[in-house]
Every structure is written in C-alpha cells, then in structure tokens.
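What follows is a set of notes on a single structure, which appears directly below.
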Amino acid sequence: MGINIHSDLLLRQLRKPGEVTYKIPQGGLFTYVSGANYFGEIVEWFGFAIATWSLPAFTFAFFTLCCIGPRAYHHHRYYLKTFTDYPKSRKALIPFVF
C-alpha cells in the first residue's frame, strides 16, 4: 500500500495547476519501473490475497494483474516513444525483470 500511495503522490506532483504537458516520473520505484503505481497496487492485492488465503481474493488479485499489467506495458512503450531522454534501463512493471 505504501508503494501505491507514494507513487500516486509523485505522479500528482508532476504537473503544476494548469499544466498539460507530460513529464517523466522520477523518484521512488519510478527509478526502476514506468508503472510504479501499478506495481504497488498489484503487490497490495496479492498481499491481501495471501493474508486472507481465499479464492475470491486471489481471483481479484489475478484479474487486477491482468488489467493493470498491460496498461503498465503500454505506458512504458508510450514513454519510450515520446521522450528521447527516457531511462532505457527502466522496466515496465516489475523492477529488473519486465
């Protein structure tokens, strides 16, 4: 949950009121992945599923991964196309892996 909250905070601070341009997220897990907020949410729901050890919770966590994972990948591709100075070592969703 902490990853999710911190990443959302960093995203909200990217633009000043009235700005409409895209910027590269920096700091926190954004150092390693383009979708740090998505990664945090997925970890949060899988943590909940493990804590409750219930099929509905695991199902929800799995479908969260299925919905948010591709979104993170597409954001990552967009950033790579849009920003020439985008960090090439940054992964889409899972630090150092994908």
Side-chain angles (χ1 to χ4, degrees):
M1 187 173 169
I3 296 168
N4 197 10
I5 291 170
H6 184 252
S7 299
D8 285 344
L9 174 70
L10 293 174
L11 287 174
R12 283 192 306 273
Q13 293 175 344
L14 274 179
R15 296 187 212 172
K16 305 219 180 322
E19 280 186 324
V20 293
T21 58
Y22 281 94
K23 295 183 180 178
I24 300 172
Q26 302 289 339
L29 276 179
F30 285 111
T31 304
Y32 306 105
V33 293
S34 299
N37 53 329
Y38 300 135
F39 176 72
E41 181 134 355
I42 291 167
V43 168
E44 185 177 347
W45 285 115
F46 271 98
F48 177 77
I50 291 168
T52 61
W53 206 252
S54 70
L55 182 60
F58 276 104
T59 303
F60 187 83
F62 175 74
F63 280 102
T64 298
L65 173 65
C66 290
C67 292
I68 293 178
R71 180 184 263 181
Y73 175 70
H74 289 289
H75 276 251
H76 182 69
R77 281 191 356 195
Y78 172 80
Y79 286 140
L80 287 171
K81 281 188 213 175
T82 305
F83 299 105
T84 55
D85 59 340
Y86 196 75
K88 302 297 182 211
S89 62
R90 214 180 260 191
K91 301 297 183 186
L93 182 63
I94 302 169
F96 310 109
V97 178
F98 170 75

Practice prompt. May I have the step-by-step check of side chain to side chain contact (heavy atoms under 4.5 Å, CB included) for I24 and R90, ending in yes or no?
Written response: CA-CA 12 Å; I24 300 172; R90 214 180 260 191; 3.8 Å; yes
Under 4.5 Å between side-chain heavy atoms, counting indirect links through other Ile/Leu/Val/Met/Phe/Trp/Tyr residues: same cluster for [X] and [Y] or not?
{"X": "L55", "Y": "L65", "value": "no"}
{"X": "F63", "Y": "W53", "value": "no"}
{"X": "V97", "Y": "F30", "value": "no"}

Worksheet item: Is the backbone N or O of Y79 less than 3.5 Å from a side-chain atom of T82, with the two atoms forming a donor-acceptor pair by type?
Response: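 Absent.
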Has [X] got more than 12 heavy atoms of other residues, nucleotides or ligands less than 6.0 Å from its [atom1]?
{"X": "Y86", "atom1": "OH", "result": "yes"}
{"X": "Y73", "atom1": "OH", "result": "no"}
{"X": "Y32", "atom1": "OH", "result": "no"}
{"X": "F83", "atom1": "CZ", "result": "yes"}
{"X": "R15", "atom1": "CZ", "result": "yes"}
{"X": "K88", "atom1": "NZ", "result": "yes"}

Worksheet item: F48 vs W45 aromatic rings, parallel, tilted or perpendicular, using cut-offs 30° and 60°?
Response: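 Perpendicular.
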